[in-house]
There are 2 protein chains.
Amino acid sequence: MNKDFILRLTKYKRLLYKLKALGFERVFSNNLGDAIGVTPALVRKDFSTLSLPGNKRGGYNVDTLIEKLDKILGRDRAQHVVVVGCGRIGTALMEYSGFNTDGIEIVAGFDAHPENVHNTSGVPIYGMDKLNEYVQENDTKVAIIAVPDSEASKVLDRLIDAGIRGILNFAPVELKCTRNDCPGSTTIHNVNIALELEHLFYQVNSQEAEEEEKHATGEETGAHPDGNT
Amino acid sequence: MNKDFILRLTKYKRLLYKLKALGFERVFSNNLGDAIGVTPALVRKDFSTLSLPGNKRGGYNVDTLIEKLDKILGRDRAQHVVVVGCGRIGTALMEYSGFNTDGIEIVAGFDAHPENVHNTSGVPIYGMDKLNEYVQENDTKVAIIAVPDSEASKVLDRLIDAGIRGILNFAPVELKCTRNDCPGSTTIHNVNIALELEHLFYQVNSQEAEEEEKHATGEETGAHPDGNT
DNA sequence: AAGTTAATGTGAACTATCGCACATATATAG
DNA sequence: CTATATATGTGCGATAGTTCACATTAACTT
């Protein structure tokens, strides 16, 4: 399925929880659309493809949507995550408490030198040698990679061997599965902060260039700086 | 312009730097395509729309591509970033040195209580009252938000007032600009880790469901295409 | 109870994106 | 200098994703 589609689903779900907390019982496709920035038609189509039932006059029932979306998004199962690499970013994530409201829990950390980790999170931290055992015993499926880029590829391999199927990679390398047995069975998401920042710089620069051009359009000098648009 | 398109540009650029370091002088569209996971045709089309010149026989000149891409992506200007919120995530980002290779530099941190920040990064940390002054004096255009979600919206407002035009938001709220003066002029990227994890859980769950289904369907035929490791 | 209103559900039109395939141009060989 | 091999540049068709528009149906009104 499409990436954007799934992203919308999670956004719907989060919004619905907030609406429920506010006391909403019913919600309309244009409410949801406005809030997450899509057209009402797309909201309805999304729900339609998922067979999420709405009421022809009274919109959608918040509880029903939440229940079904939770099921679709797998919240009916335990959402346990392990963190590999307990440096600054790894420990920051372990300390971060915002996951709990979404049913996500970081259950363990792993590091090559667990004795050196300054851990104030309460999450147990083990040596890398315990990774395989832990993941298999606890049937963990999702992991965060927060190791230096030089280690990332090795760690990826070990995680896949251990049985991890979903990976969120913070190392500044574009990880992808190049093995024989993973196509289709393992999902990797790369969160490349440098890439995001570069993206922003591009946007900012091009917007500024656009505005300058717009300014210049007012004055008719006749000399076009550029031919094509 | 399209998000995926810009993302590809940054990937091209990064790859080209690596190739240059390896001594490459020329590169072909299929090399680039293979490496970043797209078809050669798309690479050529991308370069074509950017008027990046190639040589009909000898592919593309690495140096030329890098130079032009750097310009398009704004690397000819200073790529300075400030971090607002110096908690675990904020300080982790400030300590992270991987940005430098991309010409990105975190130049300052801001926090409501700078005296409480344990700072080992060498990046100066100021109180929030200094934000406006700093951003305007140094003409900073890009900021990272790493404050709790309850503060994120307020911080966003202050950043826009100060003149920030690109924002990378780590707070677990979907920030968007609801003001009158920002449409088109400010870009916000949300890095919602919880959302990413949920996305992963969905993928993992649906893949498992698929495999179970496949198992159930294939039980009759008995033709196991794969059952290794 | 019948009419009106207001939302959904969805087939069709539209749009943007991507891949194909071939014309085009250039470096190298003979 | 001519021929040939090779990689670009791009019009065109395929495809996926989104929006439109309206038929449909449930709640509210009188």
Side-chain angles (χ1 to χ4, degrees), chain A residues 1-13 15-16 19 24-69 72 176 184 199 202-203 206 227-229, chain B residues 1-12 15-16 19 24-69 72 176 184 199 202-203 206:
Chain A
M1 283 268 171
N2 183 12
K3 197 167 182 173
D4 289 343
F5 172 68
I6 303 169
L7 208 78
R8 284 201 301 275
L9 295 193
T10 45
K11 286 183 182 175
Y12 294 141
K13 201 210 70 177
L15 182 62
L16 286 164
L19 293 177
F24 277 52
E25 291 183 5
R26 300 190 156 276
V27 68
F28 304 131
S29 59
N30 53 16
N31 299 144
L32 294 170
D34 290 347
I36 77 162
V38 299
T39 60
L42 185 53
V43 175
R44 294 200 296 277
K45 188 139 265 183
D46 282 344
F47 289 177
S48 176
T49 54
L50 293 169
S51 310
L52 299 185
N55 187 306
K56 274 271 162 46
R57 179 88 186 268
Y60 297 89
N61 181 286
V62 173
D63 284 329
T64 310
L65 284 182
I66 287 178
E67 189 190 336
K68 295 232 179 192
L69 281 174
I72 290 164
K176 50 186 172 182
H199 195 154
Y202 171 80
Q203 301 257 35
S206 58
N228 206 343
T229 45
Chain B
M1 284 270 172
N2 182 13
K3 198 167 182 173
D4 289 342
F5 173 68
I6 303 169
L7 209 77
R8 283 201 301 276
L9 295 193
T10 44
K11 287 182 182 175
Y12 293 141
L15 182 61
L16 285 165
L19 292 177
F24 276 53
E25 291 183 6
R26 301 192 154 277
V27 68
F28 304 132
S29 59
N30 54 15
N31 299 144
L32 295 171
D34 289 347
I36 78 162
V38 300
T39 59
L42 185 52
V43 175
R44 293 200 298 274
K45 191 146 262 183
D46 283 343
F47 290 177
S48 175
T49 54
L50 294 168
S51 309
L52 299 185
N55 187 306
K56 274 269 160 51
R57 181 91 185 267
Y60 297 89
N61 180 287
V62 172
D63 284 329
T64 309
L65 284 182
I66 286 179
E67 190 192 335
K68 295 234 178 190
L69 281 174
I72 290 164
K176 51 186 172 180
H199 195 156
Y202 171 80
Q203 301 257 36
S206 57

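Naming convention: chains lettered A, B, ... in sequence-line order (proteins, then strands); numbering from 1 in each chain.
Residues satisfying the salt bridge (Lys or Arg N to Asp or Glu O under 4.0 Å) criterion with B:K68, sequence neighbours excluded, are absent altogether.
At a threshold of 4.0 angstrom between heavy atoms, the contacts of B:R26 with the nucleic acid are absent.
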What's touching nucleotides 26-29 of chain C from the protein side, N or O pairs under 3.5 Å?
from: C:dA27; atom 1: OP1; to: B:N55; atom 2: ND2; distance (Å): 3.0
from: C:dA27; atom 1: N3; to: B:R57; atom 2: NH1; distance (Å): 2.3

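For A:Y60, no side-chain nitrogen or oxygen approaches OP1 or OP2 of D:dA26 to under 4.0 Å. Within the structure, a side-chain polar atom (N or O) of B:S29 is placed less than 4.0 Å from OP1 or OP2 of D:dT8.
Rounded to whole angstrom, the span from the CG atom of A:L50 across to the P atom of C:dG9 amounts to 12 Å. If you take CG of A:L7 and C1' of D:dG17, they are 15 Å apart, rounded to a whole angstrom. The CG atom of B:D4 sits 16 Å away from the P atom of D:dA16 (whole-angstrom rounding). What separates CZ of A:F28 from P of C:dT5 is a distance of 17 Å, to the nearest Å.
Using a 4.5 Å cut-off on side-chain heavy atoms (C-beta onward), A:N31 and A:L19 make no contact. Inter-residue side-chain proximity for A:L32 and A:L16 is flagged as met; some heavy-atom pair is nearer than 4.5 Å. When side chains are defined from C-beta on, B:L15 does not count as touching B:V27, because their heavy atoms never get closer than 4.5 Å.
Residues from residues 30-47 of chain B lying near DNA chain D, meaning a heavy-atom separation below 4.0 Å, are B:R44, B:K45 in numerical order.
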May I have the list of side-chain donor-acceptor pairs in residues 58-67 of chain B shorter than 3.5 Å, sequence neighbours left out?
from: B:N61; atom 1: OD1; to: B:D63; atom 2: N; distance (Å): 2.9
from: B:N61; atom 1: OD1; to: B:T64; atom 2: N; distance (Å): 2.9
from: B:N61; atom 1: OD1; to: B:T64; atom 2: OG1; distance (Å): 3.1
from: B:D63; atom 1: OD1; to: B:K20; atom 2: NZ; distance (Å): 2.6

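Residue pairs satisfying the salt bridge (Lys or Arg N to Asp or Glu O under 4.0 Å) criterion with at least one member in residues 33-62 of chain B, sequence neighbours excluded, are listed as follows: B:R8-B:D46.
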I would like to know whether A:N55 and A:R26 meet side-chain contact (heavy atoms from CB on, under 4.5 Å); could you show each step before the answer? CA-CA 9 Å; A:N55 187 306; A:R26 300 190 156 276; 3.9 Å; yes

| request: Apply side-chain contact (heavy atoms from CB on, under 4.5 Å) to the pair B:Y202 and A:T10, showing each step before the final yes or no. | output: CA-CA 9 Å; B:Y202 171 80; A:T10 45; 6.0 Å; no

Report task. Could you walk me through whether B:I36 and B:V43 pass side-chain contact (heavy atoms from CB on, under 4.5 Å), step by step? Result -> CA-CA 10 Å; B:I36 78 162; B:V43 175; 5.6 Å; no

DNA chain C in dot-bracket form (Watson-Crick or G-U pairs under 3.5 Å, [ ] crossing, | inter-strand) is ||||||||||||||||||||||||||||||

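The CD1 atom of A:I72 sits 12.0 Å away from atom OH of A:Y12, with the distance rounded to the nearest 0.5 Å.
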